[in-house]
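What follows is one structure encoded as structure tokens, with my remarks underneath.
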Amino acid sequence: MALQIMPRLLSSALTMTEEKRRAHILVATSGDTGKAALEGYKNVPGIDITVFFPVDGVSAMQKLQMITQTGDNVNVCAVRGNFDDAQSGVKEIFADASLARLAEENGFFFSSANSINWGRLAPQIVYYISAYCDLLNSGEICYGDKINVCVPTGNFGNIFAAFIAREMGLPIAKMICASNANCVLTDFIRTGTYDRTREFYKTMSPSMDILISSNLERLLYLLGGPQITADCMEKLARDGKYTIPASVMEKIRTVLEGFCCTEEQTSKVIQDTFAHRKYLADPHTAVGIGCVEQYIAASGDTTKTVLASTASPYKFAADVCTSLGTAPESDEPRCILEGLSQISQTEIPAPLAATLSLPVRFQTVVDAKNMADFIFKK
């Protein structure tokens, strides 16, 4: 939703400022952001967009959605490596003054649609205020009652939007940061040490397969100030880890709880949630459900909790099928989607069904060091 609003705001801003250059949006995606950005920016006047995704780090359906994307101003490229490699490559392009000059010479400038761009985060704040209003209107809570929020996250963007909503006055008691096997955020919240020098896991919830969480820097800046944040980021770049002062960690723990789910736990949550609640959860949402259940068991907290359900289970149909006890009969996307539909007695979402018949437009794969060359078509 945030990425349907952001392109219109940017296009309006370009018109208002009488900008003559085109904006070139660069996106590194671990799955969902890529398609959302491509769809939001396609054929928007004055803007081009290039999306980079880890070649083996997204689901088959996520990849198909991106490489079949329509639009005259879109481009997609796979990167050898994981999401952190792609994201670091985009950040390096933004920081390279020579590339900025080259872009200027070619009549455009760079911008981003990742959550590293505040324009992506700002609309997400509304999610939690809207959810609170829904709870009020349904009689689930009374005005002023506190709620908890759980967000499955790898890059700490959507959950940071919840934190901003809390700072604006929304009565949020606890924010539960839900991680998969790549539990760098969970460990940070529990220990105060952020350490990306660990094994990277490819999981059934690939949008959370991240070891460098960009938006955590924003939280550190708000709670610890610019100098502490700068020192931590320097240590992260140099040593791959940092430990924040106890005083800052105390502030974080007043609002944040960290939990994680293994692949086995995630699969069991998908199975149990469908069996007992008749809700078909995608793996990311399942991680969130599992972490909420862990939090309640550990704390005894019965506060009403809002869980951000982040994707359609049909985008991860093979893993959802397997979790429900029926492995797909083939690797062919249509077969997998139809299999999940049959098992769950739910309909394939129309946009995903339509993707199956679209021609593949983008097949380029590059090393992270050659991402800039791809943009400038060297």
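Since this is a predicted model, take the numbers as computed values, not measurements.
Side-chain contact between Pro152 and Thr285 is absent, with no heavy atoms from C-beta onward closer than 4.5 Å. Counting heavy atoms from C-beta on, the side chains of Ser213 and Phe160 never come closer than 4.5 Å. Using a 4.5 Å heavy-atom cutoff, the side chains of Asp187 and Thr193 are not in contact. With contacts defined as side-chain heavy-atom distances shorter than 4.5 Å, the pair Asn155/Gln87 qualifies.
For Phe163 and Tyr128, the ring centers are positioned 6.0 Å apart or more.
Scored by the ring pair (Phe, Tyr, Trp, His ring centres under 6.0 Å) test, Phe274 finds no partners at all (sequence neighbours excluded). Taking the side-chain hydrogen bond (donor to acceptor under 3.5 Å, both in side chains) definition, one finds that Asp134 meets it with nothing, sequence neighbours left out.
Shortest non-hydrogen contact noted between Pro283 and Ile270 is CA-CD1, 4.0 Å. Closest non-hydrogen pair, Phe374 versus Thr50, comes out as CE2-CG2, 3.9 Å.
Evaluated for a side chain to side chain donor-acceptor pair (under 3.5 Å) with Gln69, the options Lys35, Arg361, Lys42 yield exactly one hit, Lys35.
At least one donor-acceptor pair under 3.5 Å links the side chain of Asn73 to the backbone N or O of Asn43. Under the 3.5 Å distance criterion, the side-chain polar atoms of Lys251 are matched with a main-chain donor or acceptor of Leu223.
Note that CG of Leu256 and SG of Cys177 are 6.5 Å apart. Values are rounded to the nearest 0.5 Å.
Taking the six-membered ring where the residue is Trp, Phe108 and His24 present tilted rings, their angle falling between 30° and 60°. Ring geometry for Phe94 against Phe110 counts as perpendicular: the plane angle is over 60°, on a 0 to 90° scale with 30° as the lower cut.
Heavy atoms from other residues, nucleotides or ligands lying under 6.0 Å from NZ of Lys91 number more than 12.
Under the 4.5 angstrom side-chain criterion for Ile, Leu, Val, Met, Phe, Trp and Tyr, the cluster partners of Ile5 are Leu9.
Leu219 and Leu121 end up in the same hydrophobic cluster when Ile, Leu, Val, Met, Phe, Trp and Tyr side chains are linked at under 4.5 Å.
A side-chain donor from one of Asp301 and Thr303 sits under 3.5 Å from a side-chain acceptor of the other.
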